[in-house]
Trainee: 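First, the structure itself, so that you have it in front of you.
As a basis for the values below, the full set of heavy atoms in this structure was taken, side chains included, without hydrogen atoms, waters or symmetry mates.
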Amino acid sequence: MSSIVNVFVVSPDTRSERRFDLHLTIAQLKAKLELITGIPVQNQRISIQTDDGLSLASLADDAKQLGFYGLTSLQTLKVEDTNPASSFTGQLSDVSQVEKFELSDEAYAQRTDSVLAYKQRLGVGRFAPPSDTPPVPAPTVDIPLGARCQVESAEEGLHKRGTVRFVGQTAFAKVGVWVGVEYDEPIGRNDGSVQGERYFTCPPNYGLFVRPDRVKVGDFPVEEINFDDEEM
């Protein structure tokens, strides 16, 4: 039986696959692991782990041989640094030892090379001057709710008739007035709601929103649209 095992060596900064002789003492193993992981011998805490991170044994006795702990191929030797502040690799990965640059709000506001100063100079964002242009009021539309109407159609001979159910501004279009129409037939696109916002209620595919200039109000009786193809 071979005394050589192939194992994975894992430390806070390294991961590699290595071959070790089971006759090595733990002290000899630590000397080799220092070259691999950069962790000093006196700082090493070694354990055998399975693939799912379950700890099987702690290699605590430096005089024992590696085979004493039942190490087999494809298992993992996890090497932890008990004093990262004293080792070179620990100093690289331990951010708690890094001095952080901190600046108070008052000191930051006085700097001339900051993003805040840049926005102040250009007058953008919350530093932009107030606009002198008054908001544009919504135009007045003389289309009463409940009125019968006919919507302009590009298809010759097709009369899109229905009832006005909504007149006003919408969330899906921030500018201008829209007219919500409940058609007499299912030739619409919605049920009176758009993008989760409800403006009126009608059966699915009976509702549509159009601009006022496409709506003609008047005495438009209900017409039944024949959707059958009568051509031979």
Trainee: Output all residues satisfying side chain to side chain contact (heavy atoms under 4.5 Å, CB included) with A60, sequence neighbours left out; order by chain, then residue number.
Mentor: S58
Trainee: Output all residues satisfying ring pair (Phe, Tyr, Trp, His ring centres under 6.0 Å) with Y183, sequence neighbours left out; order by chain, then residue number.
Mentor: none
Trainee: Linking Ile, Leu, Val, Met, Phe, Trp and Tyr through side-chain heavy atoms less than 4.5 Å apart, which residues share a cluster with Y206?
Mentor: none
Trainee: Can you confirm whether D142 is buried at CG, in the sense that more than 12 heavy atoms of other residues, nucleotides or ligands lie under 6.0 Å from that atom?
Mentor: no
Trainee: May I have all residue pairs that pass salt bridge (charged side-chain N to carboxylate O under 4.0 Å, His left out) and include part of residues 190-209, sequence neighbours excluded?
Mentor: D191-R198
Trainee: The criterion is side chain to side chain contact (heavy atoms under 4.5 Å, CB included); which residues satisfy it with P204, sequence neighbours excluded?
Mentor: none
Trainee: Please determine whether ring-ring contact (aromatic ring centres under 6.0 Å, His included) holds for the pair W178 and Y199, giving the CA-CA distance in whole Å, both sets of side-chain angles, and the decisive distance to 0.1 Å.
Mentor: CA-CA 11 Å; W178 290 81; Y199 302 93; over 10 Å; no
Trainee: Not counting sequence neighbours, which residues clear salt bridge (charged side-chain N to carboxylate O under 4.0 Å, His left out) with R15? List them please.
Mentor: none
Trainee: Among residues at least two apart in sequence or on other chains, which ones pass side chain to side chain contact (heavy atoms under 4.5 Å, CB included) with F127?
Mentor: L116, K119, Q120
Trainee: Let me check something: any side-chain donor-acceptor pairs from residues 27-35 under 3.5 Å, sequence neighbours excluded? List them with distances.
Mentor:
residue : atom : partner : partner atom : Å
Q28     : OE1  : T25     : N            : 2.9
Q28     : OE1  : T25     : OG1          : 3.4
K30     : NZ   : D62     : OD1          : 3.1

Trainee: With sequence neighbours excluded, tell me which residues meet side-chain hydrogen bond (donor to acceptor under 3.5 Å, both in side chains) with S16.
Mentor: R18
Trainee: Mind checking salt bridge (charged side-chain N to carboxylate O under 4.0 Å, His left out) for R189 and listing every partner two or more places apart, or none if nothing turns up?
Mentor: none
Trainee: Which residue pairs satisfy the salt bridge (charged side-chain N to carboxylate O under 4.0 Å, His left out) criterion with at least one member in residues 204-218, sequence neighbours excluded?
Mentor: none
Trainee: Just wondering, are more than 12 heavy atoms of other shown residues or ligands nearer than 6.0 Å to OH in Y108?
Mentor: yes
Trainee: With sequence neighbours left out, what residues match E17 under side chain to side chain contact (heavy atoms under 4.5 Å, CB included)?
Mentor: N6, F8
Trainee: At what distance, to the nearest 0.5 angstrom, does CZ of F209 lie from OG of S193?
Mentor: 7.5 Å
